[in-house]
Structures are given as structure tokens and as C-alpha cells.
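Below: one structure, written as C-alpha cells.
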Amino acid sequence: MSLARVSTFSGEEFAGRTLPVRPELREVLPWPGLRRGATVALRGSTSLLLAILASATAEGSWAAVVGLPGLSVLAAAEAGVAVERMALVPRPGTQLGEVVAALADGLDLVAFAGTTMIGAAQTRKLAARVRQRGTVLLPLGPWPSADVELRCANARWYGAGTGDGHLTHREVEVHATGRGAAARPRSVQLCLPG
């Protein structure tokens, strides 16, 4: 189910101010891509994270993923991520907030797990920092000051027959909620990997 996208922004207004996303995700975002300086919380799917990173890194953006030691570089490459443009910090230790802040100074997108390890004061500082630097912050979990939250639900796998074959893809519903221009809930069907 896809809800109509309502936007008061023109493409010229965002020229150079957004990072590309898959066309299906444009239906649920209040901007024509990932707005620089925004915080987009992701919940329920590492595949959704890889889909977001794939579009941006394929177009020349640099990204980092922090606190996901099980993230497979091969899976990222198969999802379309330009892995030569992706830094991995699998175990940031007790300095998660500082690591994310440092990466936000020089990269276009910073995704990180362990959102509950960052306190309210540091959350506000990170939000201000990414707005100033034009970085897109992608917390993987609850984040109180997110501009948009993307949540995956109702996943269905395809490809396997009755006891034979291989899984080829899955279809998920991506639900978006947020504040400001993203206050109206939206949803879209998304095939992962794309």
C-alpha cells in the first residue's frame, strides 16, 4: 500500500542538499532524497540500511557503519553498496557518541547501532553537529529527535519452492513517521535486495 506523497519543496530548492535514495523510498520521505543535516532512524531491517547506503555510495557519497560487528561486507556489496566508500567501526567501545561525532565531521552518512548508549545531552549535540556539517545521521533503533523514522514490517520471503530452491528476495512494508514535514504517516512496499 502506498500513500500519495505530498511535498511543498521543489527540486531546485534541494539541489545538492539531498543524497539519492531508491525511488520507492522517495514516496515515504518528506524530501526528494535524504536531506543533508537530517536524522533518519531505521528500525527492523539491516537490509533497509544497506538499500539506503547503496543509492548514496553509488553516487559518490561516503558512509560509515558503527557498532554492527556482524555486518557482512559481501552482503553490503551484493546490495549495491560501493564498499570502497564505506568505513566500518564494528566495536566502538564505550565512546560511541564520540566516534559517531568524529565520523559526522567528514562523511556524508553515519549509521550506528547502540542508540540507548547515548544520553539526552549527547543526542542534542549530535543533532546540532550533523545539521551544521550536512551529514545524514542514521541511528539503528529508537532516537528521540529523529526527523523521520523508517520501520520495516510484514516481511515476506520469495524464491523457495515446496522444500527446494533458494530464497531470492523479500518484500517488506516500510512505514514512515516523523515530525514537521514528515508528520503525516506514509508507507510503501519495498523489495529487498532491490
Side-chain angles (χ1 to χ4, degrees), residues 1-66 79-81 100-101 103-104 107-113 115 118 120 123-155 171-194:
M1 172 182 178
S2 175
L3 302 174
R5 180 173 179 264
V6 177
S7 177
T8 58
F9 305 110
S10 68
E12 295 80 39
E13 200 173 342
F14 279 96
R17 294 186 52 209
T18 60
L19 301 176
V21 294
R22 288 175 51 171
E24 305 96 298
L25 290 174
R26 285 188 217 130
E27 293 183 33
V28 295
L29 292 172
W31 323 289
L34 293 171
R35 189 189 76 206
R36 289 183 174 277
T39 299
V40 180
L42 305 176
R43 298 181 78 170
S45 176
T46 303
S47 296
L48 178 59
L49 168 65
L50 295 179
I52 288 172
L53 295 179
S55 296
T57 59
E59 295 294 321
S61 294
W62 288 83
V65 179
V66 181
V81 176
V100 171
L103 291 166
L107 301 176
D108 299 302
L109 303 109
V110 179
F112 64 97
T115 58
I118 298 178
T123 297
R124 288 189 297 278
K125 287 179 184 177
L126 275 174
R129 190 176 206 134
V130 298
R131 277 193 304 275
Q132 179 186 37
R133 304 289 197 269
T135 302
V136 176
L137 193 63
L138 301 166
L140 305 172
W143 194 254
S145 62
D147 297 296
V148 177
E149 180 179 289
L150 300 178
R151 181 178 49 83
C152 287
N154 301 326
E171 193 173 89
V172 297
E173 290 177 16
V174 177
H175 300 279
T177 56
R179 56 192 179 123
R184 195 180 108 232
R186 298 175 172 104
S187 60
V188 68
Q189 294 289 116
L190 186 64
C191 184
L192 297 171

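No hydrogens, no waters, no symmetry mates; every other heavy atom, side chains included, goes into these values.
In this structure a side-chain-to-backbone donor-acceptor pair under 3.5 Å is present from Arg179 to Ala146.
For residues 47-66, there are no ring pair (Phe, Tyr, Trp, His ring centres under 6.0 Å) pairs, not counting sequence neighbours.
With sequence neighbours excluded, the residues satisfying side chain to side chain contact (heavy atoms under 4.5 Å, CB included) with Ala153 are Arg151, His175. Glu171 meets the salt bridge (Lys or Arg N to Asp or Glu O under 4.0 Å) test with Arg156; sequence neighbours excluded. For the salt bridge (Lys or Arg N to Asp or Glu O under 4.0 Å) test, residues two or more places apart in sequence or in another chain that qualify with Arg43 are Glu149. Partners of Arg124 under the side chain to side chain donor-acceptor pair (under 3.5 Å) rule, at least two apart in sequence or in another chain, do not exist in this structure. Residues passing the side chain to side chain contact (heavy atoms under 4.5 Å, CB included) test with Ala54 are Val81, sequence neighbours excluded.
The distance from the CG atom of Leu34 to the CG atom of Asp108 is 10.5 Å, given to the nearest 0.5 Å. Atom CG in Leu190 sits 7.0 Å away from atom SG in Cys152 (nearest 0.5 Å). Here the straight-line distance linking atom CG of Leu50 with atom OG1 of Thr46 works out to 7.0 Å at 0.5 Å rounding. Taking CD1 of Ile118 as the start and NZ of Lys125 as the end, the distance is 12.0 Å to the nearest 0.5 Å.
Contact record, Ala127 with Ser145: CB-OG, 4.3 Å, taken as the closest heavy-atom pair. Considering all non-hydrogen atoms of both residues, Thr57 and Gly80 come closest at OG1-O, 4.4 Å. Closest heavy-atom contact between Gly37 and Asp147: O-OD2, 4.4 Å. Looking at every heavy atom in both residues, Thr135 comes nearest to Ala104 through OG1-O, 2.6 Å. Arg22 approaches Cys191 most closely through the heavy-atom pair NH2-O, 2.9 Å. Shortest non-hydrogen contact noted between Val148 and Pro30 is CG2-CD, 3.8 Å.
Between Leu150 and Leu48 there is a side-chain heavy-atom pair separated by less than 4.5 Å. By the 4.5 Å heavy-atom criterion applied to side chains, Pro144 and Thr123 are counted as neighbours. A heavy-atom distance below 4.5 Å is found between the side chains of Leu53 and Val65. Residues Thr18 and Leu29 are not in side-chain contact: their nearest non-hydrogen atoms beyond the backbone lie 4.5 Å or more apart.
Shown are Leu140, Val66, Leu138; of these, the side-chain contact (heavy atoms from CB on, under 4.5 Å) with Phe112 is made only by Val66. The side-chain contact (heavy atoms from CB on, under 4.5 Å) with Leu109 is formed by just one residue from the set Leu19, Leu137, Leu103; it is Leu19.
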